Amino acid sequence: MRREYDESDARVRPNRRGSRPRSKRRPAHEDAVPGTIVGVDRGRLTVHLEADGTEVIAVKARELGRRGLVVGDRVALVGDVTGAEGSLARIVRREERATELRRTADDADPTERVVVANAHQLGIVTALADPEPNPRMIDRCLVAAFDAGMDALLVLTKADLASADALAAAYAPLGVEVVATTMRREGDERTIEGLEAVRERLADRTTVLVGYSGVGKSTLVNALVPDAGRATGVVNDVTGRGRHTSTSAVALELPFGGRIIDTPGVRSFGLAHVDPEHFIAAFPDVAEAAAERCPRGCTHESAEAGCELDAWASTPDQRARVDSIRRLLASRAQADTY
Ligand SMILES: Nc1nc2c(ncn2[C@@H]2O[C@H](COP(=O)(O)OP(=O)(O)OP(=O)(O)O)[C@@H](O)[C@H]2O)c(=O)[nH]1
Ligand SMILES: [Mg+2]
Ligand SMILES: [Zn+2]
């Protein structure tokens with residue numbers, strides 16, 4: 001059996017480039033070109049080259065093994081990197097990820113997926129109506145952002161249909177940045193208002209948009225990136241849900257610096273992979289109250305069990321938050337029994 005070339009061989013024969021041993025040594029690919037994955041279509045990946053922004057179609061090289069590649073991954077390419085029609089490059093390396101946004105299908109299903117890599121910020125897109133906002137979904141996304149070490153931005157869309165005030169007031173105390181957008185129609189012309197505040201928070205960083213189908217993620221991306229050309233859908237009159245218009249994640253360059261990643265709508269944001277400790281830590285006001293008032297080792301399950309959070313919560317928003325955390329903990333506890 002042929003032995004794998006390893007570091008000890010390198011020490012024995014230093015500086016002998018050009019006389020490579022005929023072993024299964026992994027090629028170093030020092031000439032590989034760096035880029036970022038901006039689209040994944042089954043085995044075909046679209047990579048944006050760091051040097052000049054050329055978009056190259058590539059496949060995963062054998063040596064990457066089972067290592068997954070997702071939008072946002074920083075990679076190194078060899079082969080035909082011209083981006084010419086019909087050309088194909090090979091991805092030979094995946095750089096270490098700064099962040100990973102992960103989710104499970106639901107809390108009881110531990111199968112975990114990395115949604116995107118290297119994003120700095122999670123843009124939680126919530127429509128104020130059609131579909132109805134769901135604070136529990138927002139809370140789940142906040143936990144996921146916290147767990148991934150990402151900042152959270154709450155984008156409230158469709159402010160033409162309902163007021164943003166209540167949700168903005170509920171989340172501002174958590175230190176979550178909140179922006180609201182409104183679509184105006186004039187004939188066939190559609191414009192989105194409220195984009196200045198959105199641009200300010202997106203500039204020079206990578207933001208991934210998540211939310212239910214039909215909340216307006218792709219509409220927002222089209223408004224921010226003039227030639228994005230993302231398809232947008234209609235919201236079903238009966239269910240109030242979108243129709244899953246976007247089917248895969250795509251990263252786009254923002255004209256004012258930074259990147260935005262549009263993702264397909266999700267039905268839920270499973271947190272089976274998240275340490276329950278992180279549930280409460282994602283809500284700074286509750287976390288502080290828990291640290292100050294709750295008995296050591298408190299599970300925060302109920303006042304009867306000694307939890308002081310009910311006594312602390314004096315406003316409806318605080319009570320809603322405590323309630324939400326308890327639900328998250330309960331659904332997570334169920335998941336643990338599987
Ligand atoms: N009234 C109103 N409608 C909006 C607004 N923003 C988006 N829409 C509409 O909402 C519908 C769905 O928008 P999309 O951008 O396709 O939603 P999405 O979140 O990308 O949906 P998926 O790709 O299925 O996840 C479209 O018909 C949009 O025109 C808004 O601010 N107000
Ligand atoms: Mg979409
Ligand atoms: Zn407690």
Side-chain angles (χ1 to χ4, degrees), residues 39 71 115 123-133 137 141 155-164 179-186 188-195 198 208-225 228-237 239-252 260-269 276-277 279-281 283 285-313 318-319 321-323 325-326 328-330:
V71 167
V115 185
I124 306 165
V125 186
T126 301
L128 291 155
D130 295 339
E132 282 301 301
M137 174 68 164
C141 293
V155 186
L156 302 173
T157 60
K158 312 199 188 187
D160 48 312
L161 303 180
S163 168
V179 291
T181 59
T182 307
M183 187 160 83
R184 302 264 178 234
R185 297 167 211 247
E186 271 177 55
D188 283 348
E189 197 75 3
R190 288 167 175 194
T191 49
I192 302 284
E193 287 175 8
L195 287 181
V198 177
V208 51
L209 301 182
V210 298
Y212 291 139
S213 179
V215 294
K217 298 178 294 296
S218 301
T219 301
L220 199 61
V221 168
N222 285 339
L224 293 163
V225 184
R230 294 291 283 165
T232 58
V234 288
V235 174
N236 189 300
D237 288 339
T239 63
R241 291 207 187 124
R243 292 182 181 163
H244 296 274
T245 306
S246 307
T247 53
S248 68
V250 170
L252 296 142
I260 190 153
I261 304 176
D262 190 12
T263 66
V266 292
R267 289 208 173 79
S268 126
F269 209 100
E277 293 276 306
F279 288 0
I280 204 160
F283 305 89
D285 60 343
V286 183
E288 196 185 313
E292 278 176 9
R293 298 166 174 240
C294 284
R296 202 176 277 261
C298 183
T299 58
H300 314 301
E301 211 172 282
S302 65
E304 293 76 57
C307 182
E308 291 292 331
L309 290 177
D310 303 83
W312 163 78
Q318 289 170 338
R319 278 195 287 276
R321 220 134 50 222
V322 170
D323 195 35
I325 290 167
R326 290 214 173 112
L328 285 168
L329 287 167

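Please read these numbers as outputs of a predicted model, since none were measured by experiment. As the structure lists them, so they are numbered: ligands from 1, and atoms in each ligand from 1. Heavy atoms only: backbone and side chains are in, while hydrogens, waters and symmetry mates are out.
The minimum heavy-atom distance between Pro131 and Val215, with the atom names listed, is CG-CG1, 3.8 Å. Smallest separation of non-hydrogen atoms from Arg293 and Glu308: O-CG, 3.2 Å. For the residue pair Val71 and Ala249, the shortest heavy atom distance occurs at CG2-O, 3.4 Å.
The side-chain contact (heavy atoms from CB on, under 4.5 Å) with Asn222 is formed by just one residue from the set Leu252, Asp262, Thr232; it is Thr232.
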ask   = Can you list the steps and then say if Leu309 with Arg326 is a side chain to side chain contact (heavy atoms under 4.5 Å, CB included)?
value = CA-CA 10 Å; Leu309 290 177; Arg326 290 214 173 112; 4.2 Å; yes
Task: Candidate pair Trp312 and Val286, rule side chain to side chain contact (heavy atoms under 4.5 Å, CB included), full reasoning - done: CA-CA 9 Å; Trp312 163 78; Val286 183; 3.9 Å; yes
Could you walk me through whether Ile261 and Val221 satisfy the side chain to side chain contact (heavy atoms under 4.5 Å, CB included) test, starting with their C-alpha distance in whole Å, then the side-chain angles of each, then the deciding distance to 0.1 Å, before giving a yes or no?
CA-CA 8 Å; Ile261 304 176; Val221 168; over 6 Å; no
_Test side chain to side chain contact (heavy atoms under 4.5 Å, CB included) applied to Leu128 and Leu161, step by step_ = CA-CA 7 Å; Leu128 291 155; Leu161 303 180; 5.9 Å; no
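A salt bridge is defined here as a Lys NZ or Arg NE, NH1 or NH2 lying under 4.0 Å from an Asp or Glu carboxylate O, and Asp130 with Lys158 fails to meet this definition.
Checked against a 3.5 angstrom limit, the closest N/O atoms of Ala159 and ligand 1 fall outside it. For Asp262, no nitrogen or oxygen atom sits less than 3.5 Å from a nitrogen or oxygen atom of ligand 1, counting backbone and side chain alike. Between Thr182 and ligand 1, no N or O atom pair is found at a separation short of 3.5 Å. Checked by distance only, ligand 1 and Ile192 stay at 3.5 Å or farther apart across all their nitrogen or oxygen atoms. Looking at Ser213 next to ligand 1, an N or O pair under 3.5 Å apart turns up. Among the atoms of Thr157, none of the N or O lies under 3.5 angstrom from an N or O of ligand 1. The distance criterion of under 3.5 Å between nitrogen or oxygen atoms is not met by Thr232 with respect to ligand 1.
The Mg ion (ligand 2) has an N, O or S atom of Ser246 closer than 2.8 Å. Among the backbone and side-chain atoms of Ser218, an N, O or S atom lies under 2.8 Å from the Mg ion (ligand 2).
Near His244, meaning under 4.0 Å from any of its heavy atoms, are these atoms of ligand 1: 24 (O). Less than 4.0 angstrom separates some heavy atom of Val215 from each of these atoms of ligand 1: 17 (O), 19 (O). Remark: ligand 1 atoms within the under-4.0 Å shell around heavy atoms of Gly265 are 25 (O).
If you look at Arg190 next to ligand 1, the close heavy atoms, those under 4.0 Å, all belong to the side chain. Contact annotation: for Leu161 versus ligand 1, heavy atoms closer than 4.0 Å belong to the side chain alone. Both the backbone and the side chain of Thr219 come within 4.0 Å of ligand 1, counting heavy atoms alone.
Nearest-heavy-atom check against atom 16 (O) of ligand 1 across Gly194, Ser246, Gly233 picks out Gly233.
Around the Zn ion (ligand 3), the angle linking Cys294 (SG) with His300 (ND1) is 110°, rounded to 10 degrees. Put simply, the angle at the Zn ion (ligand 3) from SG in Cys307 to SG in Cys298 is close to 110°, to the nearest 10°.
Atoms CE and OG1, on Met183 and Thr219 in that order, are 6.5 Å from each other to the nearest 0.5 Å.
Heavy atoms of Gly214 approach ligand 1 to within less than 4.0 angstrom.
Remark: the backbone N or O of Leu209 is paired with a side-chain donor or acceptor of Thr263 at under 3.5 angstrom.
Residue Glu193 places its CD atom among more than 12 non-hydrogen atoms of other residues, nucleotides or ligands, all under 6.0 Å distant.
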